[in-house]
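Worksheet for the structure shown next.
Note that the coordinates shown come from a computational prediction; the quantities given were computed from them, not determined experimentally. Each chain gets a letter, A, B and so on, in the order its sequence line appears, and its residues count up from 1.
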Protein chains: 2
Amino acid sequence: MALFLSTYLNKVDRKGRVSVPASFRAALAGQAFHGVVAFPAVGVPSIDCFGIDRMERLSASIDDIDLFSDRQRNLSATIFADSHQLAFDGEGRILLPEALVKHTQIADQALFAGAGPSFQIWHPDAFRRYQQDARGKAQGLSVKLRPAESGS
Amino acid sequence: MALFLSTYLNKVDRKGRVSVPASFRAALAGQAFHGVVAFPAVGVPSIDCFGIDRMERLSASIDDIDLFSDRQRNLSATIFADSHQLAFDGEGRILLPEALVKHTQIADQALFAGAGPSFQIWHPDAFRRYQQDARGKAQGLSVKLRPAESGS
DNA sequence: GTGTTTCCCATTGACGCCCATAATTACCCA
DNA sequence: TGGGTAATTATGGGCGTCAATGGGAAACAC
């Protein structure tokens with residue numbers, strides 16, 4: 001399972017290319033598609049990204065549960081339809097599609113934020129504002145660690 | 001399960017490198033990532049550290065519960081985005097990122113404090129102050145031992 | 001053709017890897 | 001028990017490699 005940690009601030013060049021952080025690329029190594037799956041996050045001005053593997057599992061999960069339901073239709077409409085497969089070039093860069101640039105207001109800098117099994121791309125300022133807010137809300141939220149597997 | 005005990009005071013060289021105490025490195029041996037996961041502790045000027053295994057479990061815990069929820073987003077923004085994977089060099093040293101140095105005010109010395117399943121890195125003076133305070137509050141608190149598992 | 005995208009190469013600065021040294025600890029053996 | 005030796009640790013520094021970035025030219029689409 002891929003794990004994305006830390007935040008990186010990278011430049012967007014005049015062709016619209018951005019380097020995906022090397023550690024993120026490493027976490028995606030060995031997947032069927034050499035790049036990322038990206039779609040506009042619902043409710044916040046950021047881009048959600050992960051490997052093609054996770055998208056396939058997501059697709060399968062939705063497929064299992066409720067075929068032809070409203071929920072299925074909604075998810076399909078909001079996620080699958082707006083998703084983009086962004087391939088890495090030789091240097092590990094991706095090209096941000098027009099729609100995603102518009103959604104995030106990204107201009108000359110892109111902030112990559114690790115989010116565990118996925119990562120996000122933000123306008124630097126928007127992320128800082130969001131993080132401030134999130135820090136407050138996360139106070140008092142607790143997470144129970146699931147029991148350790150055998151070993152460790 | 002890794003167990004970190006005792007405290008150590010090590011030098012930060014001019015490149016920003018610090019040796020992680022050998023006993024801590026030994027406790028992390030055999031994990032998937034040869035290094036530590038580190039993030040700024042909330043509320044106190046220290047760095048929380050543990051192995052990648054623990055972070056993977058944390059990621060899985062959150063992943064299970066709620067996909068695309070606000071809760072998931074808030075936690076991600078505060079935990080995963082602020083954490084760093086710090087790899088050991090050949091001599092068992094790590095490089096402290098700018099953000100963590102700023103959070104702790106660490107300059108030329110770093111204090112490593114064992115904390116059971118995790119450990120912390122402090123500015124030596126800040127740790128002494130914190131310890132003074134904690135000793136007072138610990139009066140009257142008690143801990144129940146959990147029954148031993150088979151073996152050990 | 002014109003505009004876009006993909007591939008390739010150059011640059012630079014940070015980081016990883018290697019070696020050297022010193023000090024401490026662990027170990028062995030008389 | 002004492003001394004000596006070997007091994008490990010903490011530390012310093014040099015250098016090669018790789019990541020991030022910029023730009024040109026070829027391939028492609030409309």
Side-chain angles (χ1 to χ4, degrees), chain A residues 2 4-30 33-38 47 49 84-102 106-114 119 121-124, chain B residues 4-38 49 52 83-102 106-114 119 121-124:
Chain A
F4 303 97
L5 300 177
S6 188
T7 73
Y8 302 86
L9 187 61
N10 286 345
K11 263 192 190 169
V12 179
D13 69 19
R14 85 182 65 172
K15 292 182 182 177
R17 298 175 298 184
V18 211
S19 287
V20 174
S23 73
F24 288 8
R25 300 202 305 264
L28 292 170
F33 170 66
H34 190 60
V36 302
V37 175
I47 306 170
C49 301
H84 303 258
Q85 291 192 53
L86 311 179
F88 294 140
D89 71 7
E91 281 70 42
R93 289 176 288 199
I94 55 174
L95 195 61
L96 294 179
E98 180 59 25
L100 297 181
V101 170
K102 190 169 291 180
I106 287 172
D108 58 340
Q109 282 190 317
L111 185 145
F112 290 77
F119 67 91
I121 310 177
W122 292 79
H123 185 291
Chain B
F4 303 99
L5 300 174
S6 185
T7 72
Y8 303 85
L9 187 62
N10 286 345
K11 255 192 194 174
V12 180
D13 70 18
R14 85 183 64 174
K15 290 185 182 178
R17 297 176 300 185
V18 210
S19 287
V20 174
S23 74
F24 288 9
R25 300 202 306 264
L28 292 170
Q31 299 216 351
F33 170 66
H34 190 60
V36 302
V37 174
C49 301
I52 191 86
S83 66
H84 302 259
Q85 292 191 56
L86 311 181
F88 293 141
D89 70 8
E91 282 69 42
R93 289 174 290 198
I94 55 174
L95 192 63
L96 294 179
E98 179 61 25
L100 296 181
V101 169
K102 190 169 291 181
I106 286 172
D108 58 341
Q109 281 191 318
L111 186 144
F112 291 77
F119 66 90
I121 311 177
W122 292 79
H123 185 291

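Of all heavy-atom pairs between B:S83 and A:L5, the closest is OG-CD2, 3.3 Å. Here the shortest heavy-atom pairing between B:V20 and B:F88 reads CG2-CE2, 3.6 Å. When all heavy atoms of A:H123 and A:A107 are compared, the pair lying nearest together is CD2-N, 4.4 Å. Across all their heavy atoms, A:A2 and A:A27 have their closest contact at CB-O, 3.5 Å. The two atoms that bring B:P124 and B:Q109 nearest to each other are CD-O, 3.5 Å, heavy atoms only.
In this structure, A:D13 places its CG atom 18 Å from P of D:dA19, rounding to the nearest Å. Going from atom CG of B:L96 over to atom P of C:dG16 covers 12 Å, rounded to whole Å. We find that NZ of B:K11 is positioned 14 Å from C1' of D:dG13, with the value rounded to whole Å. Atom CD of B:Q109 is separated from atom P of D:dA10 by 14 Å (rounded to the nearest Å). A straight line from CD of A:E98 to C1' of C:dG3 spans 15 Å, rounded to a whole angstrom. Atom CD1 of B:I94 and atom C1' of D:dT9 are 16 Å apart (whole Å). At whole-Å resolution of the value, CG in B:N10 and P in C:dA22 are 19 Å apart.
Note on B:V20: only backbone sugar-phosphate atoms sit closer than 4.0 angstrom, heavy atoms only; bases stay farther off.
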Protein-proximity profile, nucleotides 4-10 of chain C, B/S/- by nucleotide at the 4.0 Å heavy-atom cutoff, equals -SBBBB-

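With sequence neighbours excluded, the residues that form a ring pair (Phe, Tyr, Trp, His ring centres under 6.0 Å) with A:F4 are A:F24, A:F119.
Residue A:R14 places no side-chain N or O under 4.0 Å from the OP1 or OP2 atom of D:dG24.
Between the CG atom in A:L86 and the CG atom in A:L95 there is a gap of 8.0 Å [rounded to 0.5 Å].
Under the side chain to side chain contact (heavy atoms under 4.5 Å, CB included) rule, B:I121 has a single partner from B:V18, B:V36, B:L100, B:I94, which is B:I94. Each of A:D89, A:N10, A:V12 was checked for a side chain to side chain contact (heavy atoms under 4.5 Å, CB included) with A:R17, and the lone residue meeting it is A:D89.
The terminal axes of the helix from C:dG1-D:dC30 to C:dA30-D:dT1, fitted over 5 pairs per end, subtend an angle of 50° to the nearest 10°.
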